[in-house]
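To start, I am sharing the structure in question, which I have written as C-alpha coordinates.
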Amino acid sequence: MGISRRQFLGWLGAAGAGATAVSRAEAASNKQFDGYPGSFGILHDTTRCIGCRKCEEACNKVNELPAPEQPFDDLSVLDKTRRTRSDVFTVVNQFQKEDSQLPVFVKKQCNHCLEPACASACFVRALRKVKTGAVIYDESLCVGCRYCMVACPFNIPAYEYNEAITPRVTKCTMCHPRIEKGLLPGCVESCPKEALAFGTRERLLKTARRRIQKYPNAYIDHIYGEQEMGGTSWLTISGTHFSEIGMREDLGTQTASSFTAGPLAAVPVVVALWPVLLTGIYAISKRKDKIADEERIHAVAQTVADANEEMQVKLAKMKDSMAKEKEAAINLEVKRALEEAAKEAAESQQASEEAGSETPKEEK
Ligand code: SF4
Ligand code: SF4
Ligand code: SF4
(Lines give C-alpha, C1' and ligand atoms only; values in the text may rest on other atoms or scores of the structure.)
(Ligands and ions follow the chains in the order given, each with its own letter.)
Protein backbone atom coordinates (compact mmCIF):
# COMPACT_ATOMS: atom_id res chain seq x y z
CA MET A 1 0.00 0.00 0.00
CA GLY A 2 1.61 3.26 -1.05
CA ILE A 3 0.74 6.55 0.64
CA SER A 4 0.90 10.01 -0.86
CA ARG A 5 3.29 12.59 0.52
CA ARG A 6 0.31 14.91 1.24
CA GLN A 7 -1.48 12.20 3.23
CA PHE A 8 1.76 11.48 5.02
CA LEU A 9 2.40 15.11 5.99
CA GLY A 10 -1.22 15.37 7.15
CA TRP A 11 -0.63 12.42 9.45
CA LEU A 12 2.61 13.96 10.63
CA GLY A 13 0.65 17.07 11.66
CA ALA A 14 -1.89 14.92 13.47
CA ALA A 15 0.89 13.16 15.32
CA GLY A 16 2.26 16.55 16.34
CA ALA A 17 -1.14 17.62 17.59
CA GLY A 18 -1.17 14.46 19.65
CA ALA A 19 1.79 15.70 21.64
CA THR A 20 -0.44 17.42 24.22
CA ALA A 21 -2.29 14.20 24.75
CA VAL A 22 1.08 12.54 25.05
CA SER A 23 2.07 14.74 27.96
CA ARG A 24 -1.13 13.75 29.68
CA ALA A 25 -0.41 10.10 28.95
CA GLU A 26 3.03 10.53 30.44
CA ALA A 27 1.60 12.14 33.55
CA ALA A 28 -0.84 9.29 34.07
CA SER A 29 1.98 6.87 34.60
CA ASN A 30 0.03 4.19 36.44
CA LYS A 31 -2.08 3.29 33.41
CA GLN A 32 -1.09 1.26 30.38
CA PHE A 33 -0.03 3.59 27.61
CA ASP A 34 -1.94 2.84 24.40
CA GLY A 35 0.47 4.67 22.13
CA TYR A 36 0.66 8.26 21.00
CA PRO A 37 -2.49 9.35 19.14
CA GLY A 38 -1.90 9.41 15.39
CA SER A 39 1.53 7.82 15.74
CA PHE A 40 3.01 5.78 12.93
CA GLY A 41 3.81 2.16 12.42
CA ILE A 42 4.84 -0.28 9.72
CA LEU A 43 2.89 -3.32 8.59
CA HIS A 44 4.84 -6.30 7.28
CA ASP A 45 2.72 -8.69 5.22
CA THR A 46 4.78 -11.88 5.03
CA THR A 47 2.46 -13.31 2.36
CA ARG A 48 3.77 -10.66 -0.03
CA CYS A 49 7.45 -10.84 0.93
CA ILE A 50 9.78 -12.51 -1.58
CA GLY A 51 12.98 -12.35 0.49
CA CYS A 52 14.76 -10.04 -1.95
CA ARG A 53 16.67 -8.19 0.82
CA LYS A 54 16.06 -4.79 -0.80
CA CYS A 55 14.84 -3.56 2.59
CA GLU A 56 18.12 -4.65 4.20
CA GLU A 57 20.06 -2.82 1.53
CA ALA A 58 17.99 0.36 1.95
CA CYS A 59 18.39 0.22 5.72
CA ASN A 60 22.15 -0.12 5.35
CA LYS A 61 22.20 2.87 3.01
CA VAL A 62 19.96 5.30 4.91
CA ASN A 63 21.71 4.55 8.18
CA GLU A 64 25.17 4.78 6.59
CA LEU A 65 26.18 1.39 7.96
CA PRO A 66 29.32 -0.49 6.87
CA ALA A 67 29.11 -2.60 3.72
CA PRO A 68 28.14 -6.22 4.48
CA GLU A 69 30.57 -9.14 4.06
CA GLN A 70 28.29 -10.62 1.39
CA PRO A 71 26.48 -8.30 -1.06
CA PHE A 72 22.75 -7.74 -0.67
CA ASP A 73 21.96 -9.59 -3.90
CA ASP A 74 23.56 -12.75 -2.48
CA LEU A 75 20.48 -14.63 -1.30
CA SER A 76 22.52 -17.56 0.05
CA VAL A 77 22.61 -15.68 3.38
CA LEU A 78 18.96 -16.68 3.74
CA ASP A 79 20.07 -20.28 4.32
CA LYS A 80 20.88 -19.32 7.89
CA THR A 81 18.62 -17.66 10.44
CA ARG A 82 20.21 -14.34 11.29
CA ARG A 83 19.68 -11.73 13.95
CA THR A 84 20.23 -8.00 14.07
CA ARG A 85 23.70 -6.77 14.98
CA SER A 86 25.32 -3.47 15.87
CA ASP A 87 25.89 -2.79 12.15
CA VAL A 88 22.78 -4.56 10.81
CA PHE A 89 19.49 -3.03 11.96
CA THR A 90 17.25 -5.40 10.02
CA VAL A 91 17.43 -8.93 8.62
CA VAL A 92 15.09 -11.02 6.51
CA ASN A 93 14.91 -14.67 7.52
CA GLN A 94 13.55 -17.61 5.58
CA PHE A 95 11.34 -20.36 7.06
CA GLN A 96 10.28 -23.56 5.38
CA LYS A 97 6.69 -24.66 5.99
CA GLU A 98 6.24 -28.41 6.45
CA ASP A 99 3.15 -28.57 4.23
CA SER A 100 4.44 -26.36 1.44
CA GLN A 101 7.29 -26.05 -1.01
CA LEU A 102 7.18 -22.30 -0.67
CA PRO A 103 9.30 -20.62 1.98
CA VAL A 104 8.05 -17.78 4.17
CA PHE A 105 10.20 -14.66 4.53
CA VAL A 106 10.06 -12.60 7.69
CA LYS A 107 11.70 -9.25 8.32
CA LYS A 108 13.14 -8.67 11.78
CA GLN A 109 14.02 -5.34 13.42
CA CYS A 110 13.02 -3.31 16.49
CA ASN A 111 9.25 -3.57 16.91
CA HIS A 112 8.96 -0.10 18.46
CA CYS A 113 6.88 -1.26 21.41
CA LEU A 114 4.19 1.11 22.68
CA GLU A 115 5.73 0.77 26.15
CA PRO A 116 9.24 -0.41 25.40
CA ALA A 117 10.97 -2.71 27.87
CA CYS A 118 14.30 -1.27 26.73
CA ALA A 119 13.22 2.27 27.66
CA SER A 120 11.76 1.11 30.97
CA ALA A 121 15.08 -0.50 31.84
CA CYS A 122 17.10 2.56 30.85
CA PHE A 123 17.54 4.63 34.03
CA VAL A 124 19.10 7.60 32.20
CA ARG A 125 16.37 7.63 29.53
CA ALA A 126 18.78 7.18 26.65
CA LEU A 127 16.00 5.20 24.95
CA ARG A 128 12.53 6.65 24.67
CA LYS A 129 9.32 6.37 22.73
CA VAL A 130 8.54 9.51 20.76
CA LYS A 131 5.39 10.85 19.18
CA THR A 132 6.11 9.52 15.70
CA GLY A 133 5.91 6.03 17.20
CA ALA A 134 9.65 5.37 17.00
CA VAL A 135 11.76 4.26 19.93
CA ILE A 136 14.89 6.34 19.64
CA TYR A 137 18.30 6.39 21.32
CA ASP A 138 20.42 9.27 22.60
CA GLU A 139 24.04 8.17 22.75
CA SER A 140 25.02 11.27 24.76
CA LEU A 141 22.94 9.98 27.70
CA CYS A 142 23.85 6.29 27.46
CA VAL A 143 26.13 4.98 30.22
CA GLY A 144 26.68 1.62 28.51
CA CYS A 145 25.02 -0.50 31.22
CA ARG A 146 23.27 -2.60 28.54
CA TYR A 147 20.17 -3.25 30.67
CA CYS A 148 18.14 -2.45 27.53
CA MET A 149 19.66 -5.49 25.83
CA VAL A 150 18.67 -7.74 28.71
CA ALA A 151 15.18 -6.26 28.94
CA CYS A 152 14.12 -6.40 25.25
CA PRO A 153 11.89 -9.46 24.76
CA PHE A 154 12.72 -9.51 21.06
CA ASN A 155 16.54 -9.52 21.47
CA ILE A 156 16.97 -6.42 19.36
CA PRO A 157 19.40 -3.84 20.79
CA ALA A 158 22.99 -4.62 19.91
CA TYR A 159 26.18 -3.16 21.33
CA GLU A 160 29.24 -1.89 19.50
CA TYR A 161 31.72 -4.15 21.30
CA ASN A 162 34.36 -3.34 18.70
CA GLU A 163 34.23 0.40 19.42
CA ALA A 164 36.82 0.87 22.15
CA ILE A 165 36.27 4.58 22.81
CA THR A 166 32.58 5.39 22.31
CA PRO A 167 30.56 2.18 21.95
CA ARG A 168 26.84 2.68 21.38
CA VAL A 169 23.67 0.63 21.62
CA THR A 170 22.22 0.34 18.12
CA LYS A 171 18.90 -0.71 16.60
CA CYS A 172 16.32 0.28 13.98
CA THR A 173 15.03 3.81 14.58
CA MET A 174 11.97 3.36 12.33
CA CYS A 175 13.87 5.94 10.29
CA HIS A 176 12.70 8.60 12.74
CA PRO A 177 14.90 11.33 11.14
CA ARG A 178 13.37 10.55 7.72
CA ILE A 179 9.82 10.51 9.10
CA GLU A 180 10.39 13.94 10.63
CA LYS A 181 11.43 15.20 7.19
CA GLY A 182 8.30 13.77 5.60
CA LEU A 183 10.11 10.82 4.03
CA LEU A 184 9.15 7.16 4.18
CA PRO A 185 11.34 4.73 6.15
CA GLY A 186 14.07 3.42 3.83
CA CYS A 187 12.91 -0.19 3.92
CA VAL A 188 9.29 0.70 3.12
CA GLU A 189 10.31 2.92 0.22
CA SER A 190 12.50 0.22 -1.31
CA CYS A 191 10.19 -2.80 -1.02
CA PRO A 192 9.23 -3.85 -4.56
CA LYS A 193 6.29 -6.01 -3.46
CA GLU A 194 4.55 -3.63 -1.04
CA ALA A 195 5.18 -6.18 1.67
CA LEU A 196 5.88 -3.20 3.91
CA ALA A 197 3.34 -0.45 4.45
CA PHE A 198 3.75 2.75 6.43
CA GLY A 199 0.97 4.77 8.03
CA THR A 200 -0.72 5.52 11.30
CA ARG A 201 -0.90 2.45 13.51
CA GLU A 202 -4.69 2.73 13.59
CA ARG A 203 -4.91 2.73 9.80
CA LEU A 204 -2.47 -0.16 9.49
CA LEU A 205 -4.53 -2.21 11.93
CA LYS A 206 -7.59 -1.56 9.74
CA THR A 207 -5.66 -2.55 6.61
CA ALA A 208 -4.46 -5.74 8.27
CA ARG A 209 -7.96 -6.66 9.49
CA ARG A 210 -9.42 -5.99 6.03
CA ARG A 211 -6.87 -8.30 4.36
CA ILE A 212 -7.43 -11.05 6.92
CA GLN A 213 -11.23 -10.80 6.49
CA LYS A 214 -11.04 -10.70 2.70
CA TYR A 215 -8.64 -13.65 2.39
CA PRO A 216 -9.31 -15.87 5.41
CA ASN A 217 -7.54 -18.82 3.78
CA ALA A 218 -4.39 -16.83 3.14
CA TYR A 219 -3.91 -15.40 6.63
CA ILE A 220 -3.81 -16.54 10.25
CA ASP A 221 -6.46 -14.53 12.10
CA HIS A 222 -3.98 -12.63 14.20
CA ILE A 223 -2.10 -9.34 13.86
CA TYR A 224 1.26 -9.78 15.54
CA GLY A 225 2.06 -6.63 17.51
CA GLU A 226 -1.54 -5.54 18.08
CA GLN A 227 -1.41 -6.87 21.63
CA GLU A 228 2.02 -8.49 22.18
CA MET A 229 3.83 -6.89 25.14
CA GLY A 230 1.08 -4.25 25.29
CA GLY A 231 1.29 -3.60 21.54
CA THR A 232 4.00 -2.52 19.12
CA SER A 233 4.18 0.02 16.32
CA TRP A 234 5.56 -2.64 13.97
CA LEU A 235 2.78 -5.06 12.94
CA THR A 236 3.02 -8.35 11.07
CA ILE A 237 0.46 -10.55 9.34
CA SER A 238 1.14 -14.02 8.05
CA GLY A 239 -0.33 -17.15 6.52
CA THR A 240 1.72 -19.29 8.91
CA HIS A 241 1.54 -19.55 12.69
CA PHE A 242 3.95 -17.02 14.12
CA SER A 243 5.70 -19.58 16.32
CA GLU A 244 6.70 -21.40 13.08
CA ILE A 245 8.32 -18.31 11.63
CA GLY A 246 10.57 -17.39 14.51
CA MET A 247 8.23 -15.04 16.36
CA ARG A 248 7.54 -15.45 20.06
CA GLU A 249 3.95 -16.28 20.96
CA ASP A 250 4.61 -16.61 24.69
CA LEU A 251 4.98 -12.94 25.49
CA GLY A 252 1.47 -12.18 26.66
CA THR A 253 -0.22 -8.82 26.36
CA GLN A 254 1.19 -7.11 29.43
CA THR A 255 3.63 -4.28 28.91
CA ALA A 256 7.17 -4.58 30.21
CA SER A 257 6.64 -1.59 32.45
CA SER A 258 3.71 -3.27 34.19
CA PHE A 259 6.35 -5.49 35.77
CA THR A 260 7.58 -2.43 37.58
CA ALA A 261 5.68 -0.09 39.92
CA GLY A 262 4.40 1.94 36.97
CA PRO A 263 5.56 2.75 33.48
CA LEU A 264 9.04 3.90 34.36
CA ALA A 265 9.38 5.18 30.83
CA ALA A 266 6.97 7.92 31.78
CA VAL A 267 8.46 9.08 35.06
CA PRO A 268 11.78 10.69 35.96
CA VAL A 269 14.02 8.02 37.44
CA VAL A 270 15.46 8.61 40.87
CA VAL A 271 17.88 6.42 42.73
CA ALA A 272 15.11 5.23 45.03
CA LEU A 273 13.46 3.47 42.06
CA TRP A 274 16.41 1.17 41.43
CA PRO A 275 15.07 -1.79 43.43
CA VAL A 276 11.74 -1.52 41.58
CA LEU A 277 13.51 -1.28 38.24
CA LEU A 278 15.72 -4.25 38.94
CA THR A 279 12.71 -6.29 40.04
CA GLY A 280 11.08 -5.46 36.72
CA ILE A 281 14.15 -6.46 34.76
CA TYR A 282 14.38 -9.67 36.74
CA ALA A 283 10.74 -10.48 35.93
CA ILE A 284 11.31 -9.86 32.23
CA SER A 285 14.54 -11.86 32.27
CA LYS A 286 12.75 -14.79 33.86
CA ARG A 287 10.35 -14.88 30.95
CA LYS A 288 13.28 -14.97 28.62
CA ASP A 289 15.18 -17.75 30.41
CA LYS A 290 14.27 -20.31 27.80
CA ILE A 291 15.75 -18.38 24.95
CA ALA A 292 18.90 -17.07 26.58
CA ASP A 293 21.29 -16.80 23.71
CA GLU A 294 24.98 -16.26 23.45
CA GLU A 295 24.84 -12.51 23.05
CA ARG A 296 22.68 -11.90 26.08
CA ILE A 297 24.88 -14.13 28.21
CA HIS A 298 27.86 -12.32 26.80
CA ALA A 299 26.27 -8.92 27.51
CA VAL A 300 25.46 -9.83 31.11
CA ALA A 301 28.90 -11.39 31.63
CA GLN A 302 30.47 -8.33 30.09
CA THR A 303 28.46 -5.99 32.35
CA VAL A 304 29.47 -7.98 35.44
CA ALA A 305 33.08 -8.14 34.24
CA ASP A 306 33.08 -4.36 33.61
CA ALA A 307 31.60 -3.69 37.06
CA ASN A 308 34.21 -6.01 38.65
CA GLU A 309 36.99 -4.39 36.71
CA GLU A 310 35.80 -0.94 37.75
CA MET A 311 35.53 -2.08 41.37
CA GLN A 312 39.03 -3.60 41.27
CA VAL A 313 40.44 -0.35 39.87
CA LYS A 314 38.67 1.65 42.59
CA LEU A 315 39.86 -0.77 45.30
CA ALA A 316 43.42 -0.64 44.00
CA LYS A 317 43.29 3.17 43.99
CA MET A 318 41.81 3.17 47.48
CA LYS A 319 44.49 0.73 48.75
CA ASP A 320 47.17 2.79 47.12
CA SER A 321 45.94 6.02 48.63
CA MET A 322 45.50 4.36 52.06
CA ALA A 323 49.03 2.97 51.87
CA LYS A 324 50.32 6.43 50.95
CA GLU A 325 48.35 8.05 53.77
CA LYS A 326 49.64 5.43 56.22
CA GLU A 327 53.22 5.93 55.05
CA ALA A 328 52.86 9.71 55.34
CA ALA A 329 51.41 9.35 58.85
CA ILE A 330 54.31 7.07 59.92
CA ASN A 331 56.84 9.46 58.40
CA LEU A 332 55.22 12.34 60.24
CA GLU A 333 55.31 10.45 63.53
CA VAL A 334 58.96 9.48 62.99
CA LYS A 335 59.77 13.08 62.08
CA ARG A 336 57.99 14.35 65.17
CA ALA A 337 59.74 11.74 67.37
CA LEU A 338 63.13 12.66 65.89
CA GLU A 339 62.44 16.36 66.34
CA GLU A 340 61.35 15.79 69.94
CA ALA A 341 64.41 13.61 70.61
CA ALA A 342 66.66 16.26 69.06
CA LYS A 343 64.93 18.97 71.10
CA GLU A 344 65.30 16.95 74.29
CA ALA A 345 68.98 16.28 73.51
CA ALA A 346 69.54 19.99 72.85
CA GLU A 347 67.75 20.97 76.05
CA SER A 348 69.71 18.43 78.07
CA GLN A 349 72.97 19.65 76.47
CA GLN A 350 72.06 23.23 77.28
CA ALA A 351 71.13 22.29 80.86
CA SER A 352 74.42 20.50 81.44
CA GLU A 353 76.36 23.44 79.97
CA GLU A 354 74.50 25.88 82.19
CA ALA A 355 75.12 23.63 85.22
CA GLY A 356 78.83 23.49 84.31
CA SER A 357 79.12 27.29 84.10
CA GLU A 358 77.35 27.77 87.43
CA THR A 359 79.67 25.34 89.34
CA PRO A 360 81.81 27.48 91.77
CA LYS A 361 85.49 27.46 90.88
CA GLU A 362 87.72 25.72 93.43
CA GLU A 363 89.43 28.26 95.61
CA LYS A 364 93.15 28.07 95.47
S1 SF4 B 1 12.18 -5.57 0.31
FE2 SF4 B 1 10.09 -6.22 0.69
S3 SF4 B 1 9.85 -8.12 -0.45
FE4 SF4 B 1 12.03 -7.72 -0.35
S5 SF4 B 1 12.69 -8.85 1.49
FE6 SF4 B 1 12.24 -6.79 2.18
S7 SF4 B 1 10.11 -6.85 2.84
FE8 SF4 B 1 10.46 -8.69 1.61
S1 SF4 C 1 11.56 -4.34 20.32
FE2 SF4 C 1 13.06 -4.27 21.97
S3 SF4 C 1 14.43 -2.60 21.40
FE4 SF4 C 1 12.56 -2.36 20.17
S5 SF4 C 1 11.25 -0.98 21.38
FE6 SF4 C 1 10.66 -3.07 21.93
S7 SF4 C 1 11.90 -3.49 23.75
FE8 SF4 C 1 12.85 -1.73 22.74
S1 SF4 D 1 12.65 1.61 9.47
FE2 SF4 D 1 14.62 2.43 8.81
S3 SF4 D 1 16.04 1.78 10.40
FE4 SF4 D 1 14.20 0.50 10.61
S5 SF4 D 1 14.56 -1.34 9.39
FE6 SF4 D 1 13.51 0.13 8.05
S7 SF4 D 1 15.18 1.23 7.04
FE8 SF4 D 1 16.08 0.20 8.80
Side-chain angles (χ1 to χ4, degrees), residues 35 40-65 72-73 75 77-78 83-84 87-94 103-122 126-130 132-137 146-159 169-180 183-198 224-225 228-234 236 238 247-248 251 255-257 259 265 280-281 284 287-288 296:
F40 299 110
I42 294 175
L43 172 65
H44 178 37
D45 186 338
T46 65
T47 69
R48 297 183 177 199
C49 183
I50 55 167
C52 65
R53 301 185 67 211
K54 293 280 180 211
C55 49
E56 287 186 35
E57 185 173 12
C59 182
N60 174 278
K61 193 172 162 199
V62 300
N63 290 295
E64 297 174 357
L65 298 172
F72 288 108
D73 56 6
L75 299 186
V77 298
L78 296 169
R83 57 159 300 173
T84 52
D87 56 350
V88 179
F89 297 174
T90 186
V91 289
V92 177
N93 281 320
Q94 175 178 252
V104 181
F105 299 101
V106 184
K107 184 178 177 302
K108 184 179 171 109
Q109 70 298 301
C110 170
N111 286 327
H112 300 277
C113 305
L114 299 187
E115 277 205 35
C118 58
S120 294
C122 181
L127 283 155
R128 66 200 164 91
K129 180 86 172 167
V130 293
T132 55
V135 174
I136 60 167
Y137 169 72
R146 282 159 277 170
Y147 280 127
C148 52
M149 292 171 69
V150 181
C152 173
F154 302 105
N155 289 334
I156 294 300
Y159 193 66
V169 169
T170 63
K171 65 168 200 71
C172 156
T173 61
M174 205 159 111
C175 283
H176 177 69
R178 284 174 62 88
I179 295 175
E180 284 195 313
L183 298 168
L184 286 172
C187 54
V188 177
E189 193 177 67
S190 70
C191 179
K193 302 303 285 182
E194 297 190 348
L196 297 169
F198 178 79
Y224 195 97
E228 277 76 12
M229 292 299 291
T232 61
S233 296
W234 202 287
T236 306
S238 166
M247 296 173 77
R248 294 188 63 188
L251 292 173
T255 63
S257 48
F259 285 94
I281 291 171
I284 296 161
R287 293 168 75 189
K288 295 169 63 183
R296 192 173 335 109

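Every value quoted in this text rests on a predicted model; they were computed, and no experiment measured them. Numbering of ligands and ligand atoms starts at 1, following listing order.
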Problem - Numbered atoms of ligand 2 (with element) below 4.0 Å of Phe154, judged on heavy atoms - result: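 What qualifies from ligand 2 is 1 (S).
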Problem - Polar side-chain atom of Thr255 near backbone of Gly230 as donor-acceptor pair, under 3.5 Å - result: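 Here the side-chain-to-backbone pair does not exist.
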Practice task
Give the atoms of ligand 2, by number and element, whose distance to some non-hydrogen atom of Ala117 is under 4.0 Å.
Solution key: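 What qualifies from ligand 2 is 7 (S).
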Exercise for the section: Would you kindly say whether Thr90 and Lys107 are connected by a side-chain donor-acceptor distance under 3.5 Å? Expected result: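 Yes - a donor-acceptor pair under 3.5 Å links their side chains.
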Exercise for the section: Check each of Asn111, Thr84, Val169 against atom 1 (S) of ligand 2 and report the one with the nearest heavy atom. Expected result: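 When every heavy atom of Asn111, Thr84, Val169 is considered, Asn111 comes closest to atom 1 (S) of ligand 2.
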Handout entry: Ligand-side contact atoms (ligand 2) for residue partner Lys171, heavy atom cut-off under 4.0 Å
Key =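 Every atom of ligand 2 under 4.0 Å from some heavy atom of Lys171: 3 (S).
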Problem - Short side-chain to backbone donor-acceptor contact, Lys129 and Cys113, under 3.5 Å - result: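 Yes; at least one donor-acceptor contact below 3.5 Å.
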Practice task
Look at the side chain of Tyr137 and the backbone N and O of Thr173, then say whether any donor-acceptor pair between them is shorter than 3.5 Å.
Solution key: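 Absent.
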Completion exercise
The answer for which part of Lys129 has a heavy atom under 4.0 Å from ligand 2 is neither
Exercise for the section: If you have a sec, work out which protein heavy atom is nearest atom 4 (Fe) of ligand 2 and how many Å separate them, to one decimal? Expected result: Cys110 SG, 2.4 Å
Problem - Separation between CZ of Phe198 and SG of Cys175, rounded to the nearest 0.5 Å - result: 9.5 Å
Fill in the blank from the handout: Nearest non-hydrogen protein atom to atom 8 (Fe) of ligand 2, with distance, is Cys118 SG, 2.3 Å
Practice task
Tell me yes or no: between the side chains of Lys61 and Ser190, is some donor less than 3.5 Å from an acceptor?
Solution key: no
Exercise for the section: Taking the side chain as every heavy atom from C-beta outward, state whether Ile42 and Met174 have any atom pair closer than 4.5 Å. Expected result: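 Ile42 reaches Met174 side chain to side chain.
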Practice task
Quick one: list whatever passes salt bridge (Lys or Arg N to Asp or Glu O under 4.0 Å) with Glu189, sequence neighbours left out.
Solution key: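 Result, salt bridge (Lys or Arg N to Asp or Glu O under 4.0 Å) vs Glu189: Arg178.
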Exercise for the section: Note the single closest protein heavy atom to atom 6 (Fe) of ligand 2, along with its residue, its atom name and the distance in Å. Expected result: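 Its nearest protein heavy-atom neighbour is Cys113 SG, 2.3 Å.
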Problem - Test item: Glu56 side-chain N/O and Phe72 main-chain N/O as donor-acceptor pair under 3.5 Å - result: no
Practice task
Indicate yes or no: at least one non-hydrogen side-chain atom of Phe89 is less than 4.5 angstrom from one of Thr170.
Solution key: yes
Problem - Donor-acceptor under 3.5 Å (Arg83 side chain, Asn155 main chain) - result: yes
Exercise for the section: Distance to 0.1 Å, residue and atom name: give those for the protein heavy atom nearest to atom 2 (Fe) of ligand 2. Expected result: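 Answer for atom 2 (Fe) of ligand 2: Cys152 SG, 2.3 Å.
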Practice task
Applying salt bridge (Lys or Arg N to Asp or Glu O under 4.0 Å), name anything that partners Glu228, two or more places apart in sequence or on another chain.
Solution key: none
Practice task
Please list, in chain and residue-number order, the protein N/O/S atoms closer than 2.8 Å to atom 4 (Fe) of ligand 1.
Solution key: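 Listed by chain and number, the nearby protein N, O or S atoms are Cys52 SG.
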Exercise for the section: Taking only heavy atoms of Pro157 into account, list the atoms of ligand 2 that are under 4.0 Å away from them. Expected result: 3 (S)
Problem - Neighbouring protein N, O or S atoms of atom 2 (Fe) of ligand 3 [cut-off: under 2.8 Å, no waters] - result: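 Correct list: Cys175 SG.
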Exercise for the section: For the residue pair Val104 and Gln94, establish whether any side-chain heavy-atom pair is separated by less than 4.5 Å. Expected result: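 With C-beta onward as the side chain, the pair stays apart.
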Exercise for the section: Please state whether the rings of Trp234 and His112 are parallel, tilted or perpendicular, taking 30° and 60° as the class boundaries. Expected result: parallel
